[in-house]
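Encoded as structure tokens, the structure appears first; notes follow it.
Just so it is clear, the model here is predicted, and its values are computed rather than measured.
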Amino acid sequence: LGPTVTVGEILVEIMATTIGTGFLAAQPLLGPFPSGAPAIFIDQVARIGGAAGIVAAVGDDDFGTLNVERLRADGVDVSAIATIAGKPTGSAFVRYRNDGARDFVFNIAHSAAGETRMTAAAHKLIARAGHVHVMGSAFAIPGIAEILVEAVGSVKARGGSVSFDPNIRKELVQDGAGRRLIDDMLAVTDLLLPSGDELLVAAGLATEEAAVQHLLGLGIGEIVLKRGSDGSTHFSRAFGRVDCPAFTVDEIDPTGAGDCFGAAYLTSRRAGLPPARALLYANAAGARTVMKQGPMEGVSNKAALDDFIAAAGRELK
Ligand code: ATP
């Protein structure tokens with residue numbers, strides 16, 4: 001089947017170089033770095049060797065060009081990224097607190113991403129897609145939400161598959177619309193990629209075991225739980241439970257780990273690898289992402305992942 005396609009926001013990230021002072025004092029800044037969860041995800045799909053495309057919109061500016069050219073160079077089909085005159089590419093400014101926590105100043109609400117539409121190019125890409133990856137966060141942008149719903153319907157009608165990263169803000173789930181949105185997505189999801197408490201929130205249940213059984217009962221083929229520096233776990237009826245410990249690395253910048261993990265897992269499974277091997281690639285992709293400053297700077301190709309796995313003595317027989 002055709003390429004993995006996603007729909008969503010593209011932006012740049014610019015980082016403070018001080019800790020604790022925020023942006024209250026002038027300082028050298030780091031960046032701009034290409035960013036946006038859907039962009040990071042699709043870049044990792046392409047870098048590990050999968051066919052990949054994205055429906056998105058950027059401004060007619062350097063930030064947009066920086067992103068599009070990176071994605072193009074890494075092998076992503078950028079034909080459905082529209083350039084919007086008169087709207088800027090979105091940006092996120094990151095500052096660090098003394099305890100290591102991060103705060104973001106987002107300029108996205110009025111950026112070109114809000115002008116993402118089902119253009120002829122988007123329609124053409126989606127008509128060829130074999131898989132759609134959906135991020136819960138993308139539903140916050142109305143134009144993007146509509147395209148996602150259409151893309152999911154189109155791909156499923158042609159026998160394709162859907163992955164869902166339910167990174168929806170908890171407050172959204174408490175209101176009826178957010179809950180409905182999650183339930184509608186769960187009904188068509190083949191691969192669910194939650195992290196933290198998203199598994200319990202998605203299922204509306206209190207324990208991991210109950211949540212997994214409920215979600216598999218809905219017809220979801222595979223659930224892969226991301227556990228940060230504790231690694232990851234696969235659950236399915238076909239393979240049961242498969243745990244994969246994390247690689248031990250120094251975390252420099254956590255942004256993008258979950259997206260690279262999901263992309264590496266999905267692409268490995270689409271290439272026919274069994275869950276244990278796909279988890280290994282996914283953990284390696286997540287680990288390599290956190291070692292580098294910049295959301296998309298740690299995205300690895302397959303050879304780099306193979307070397308990393310071998311160097312850690314983690315090859316599977
Ligand atoms: P984010 O929202 O920050 O992109 P996430 O919460 O969706 O991430 P995480 O569980 O943080 O996802 O990370 C995904 C995977 O990346 C983990 O399952 C793990 O394999 C790897 N990973 C993340 N952080 C680390 C770390 N500090 N050390 C080693 N591996 C890590």
Side-chain angles (χ1 to χ4, degrees), residues 3-15 29-85 87-94 104 106-108 111-116 119 121-122 125 129 133 135 137-138 141 144 165 252-264 266-267 281-282 284-305 308:
T4 293
V5 168
T6 195
V7 186
E9 74 282 5
I10 286 181
L11 54 131
V12 293
E13 190 170 300
I14 297 170
M15 299 152 182
L29 299 174
L30 262 183
F33 292 111
S35 191
I40 299 166
F41 177 91
I42 210 66
D43 193 62
Q44 178 66 81
V45 171
R47 290 275 279 159
I48 199 173
I54 185 168
V55 178
V58 295
D60 184 9
D61 51 30
D62 286 354
F63 291 165
T65 306
L66 172 74
N67 267 291
V68 173
E69 292 313 320
R70 169 69 68 86
L71 293 173
R72 192 200 310 277
D74 287 348
V76 176
D77 181 336
V78 296
S79 62
I81 303 180
T83 304
I84 310 293
K87 289 274 185 179
T89 302
S91 54
F93 290 82
V94 189
F104 293 86
F106 286 114
N107 294 305
I108 295 174
S111 75
E115 305 299 315
T116 309
T119 58
L125 176 63
H133 178 67
M135 294 189 183
S137 55
I141 308 174
I144 291 176
D165 184 337
I252 307 286
D253 180 358
T255 309
D259 302 314
C260 290
F261 175 97
L266 169 73
T267 309
Y281 276 119
R288 283 178 56 85
T289 304
V290 306
M291 293 164 70
K292 277 267 180 72
Q293 188 110 48
M296 221 188 264
E297 306 313 300
V299 175
S300 318
N301 63 25
K302 179 140 180 320
L305 294 176
F308 181 77

- Message: Is it the case that atom CG in N107 sees more than 12 heavy atoms from other parts of the structure closer than 6.0 Å?
- Response: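 Counting other residues, nucleotides and ligands, CG of N107 exceeds 12 neighbours.
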With a 4.5 Å cut-off on side-chain heavy atoms, are [Y] and [X] touching?
X: F308; Y: M291; result: yes
X: D165; Y: D259; result: yes
X: P34; Y: V12; result: no
X: V58; Y: I84; result: no
X: P295; Y: M15; result: yes

Okay, side chain of [X], backbone of [Y]: is any donor-acceptor separation there less than 3.5 Å?
X: D43; Y: D74; value: no
X: S300; Y: A285; value: no
X: D60; Y: T83; value: no
X: T116; Y: A113; value: yes
X: D61; Y: T89; value: yes

- Please report the shortest heavy-atom distance between G59 and A112, naming the atom on each side.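 That closest heavy-atom pairing would be N-CB, 3.4 Å.
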[atom1]-[atom2] distance between [X] and [Y], expressed to the nearest 0.5 angstrom:
X: Y281; Y: L266; atom1: OH; atom2: CG; answer: 15.0 Å
X: D77; Y: T4; atom1: CG; atom2: OG1; answer: 12.0 Å
X: R47; Y: T267; atom1: CZ; atom2: OG1; answer: 13.0 Å
X: I108; Y: I141; atom1: CD1; atom2: CD1; answer: 6.5 Å
X: F93; Y: E13; atom1: CZ; atom2: CD; answer: 10.5 Å
X: F63; Y: I14; atom1: CZ; atom2: CD1; answer: 4.0 Å

- Message: Whether R288 and E297 form a salt bridge (side-chain N of Lys/Arg under 4.0 Å from carboxylate O of Asp/Glu) is what I want to check.
- Response: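 Salt bridge absent between E297 and R288.
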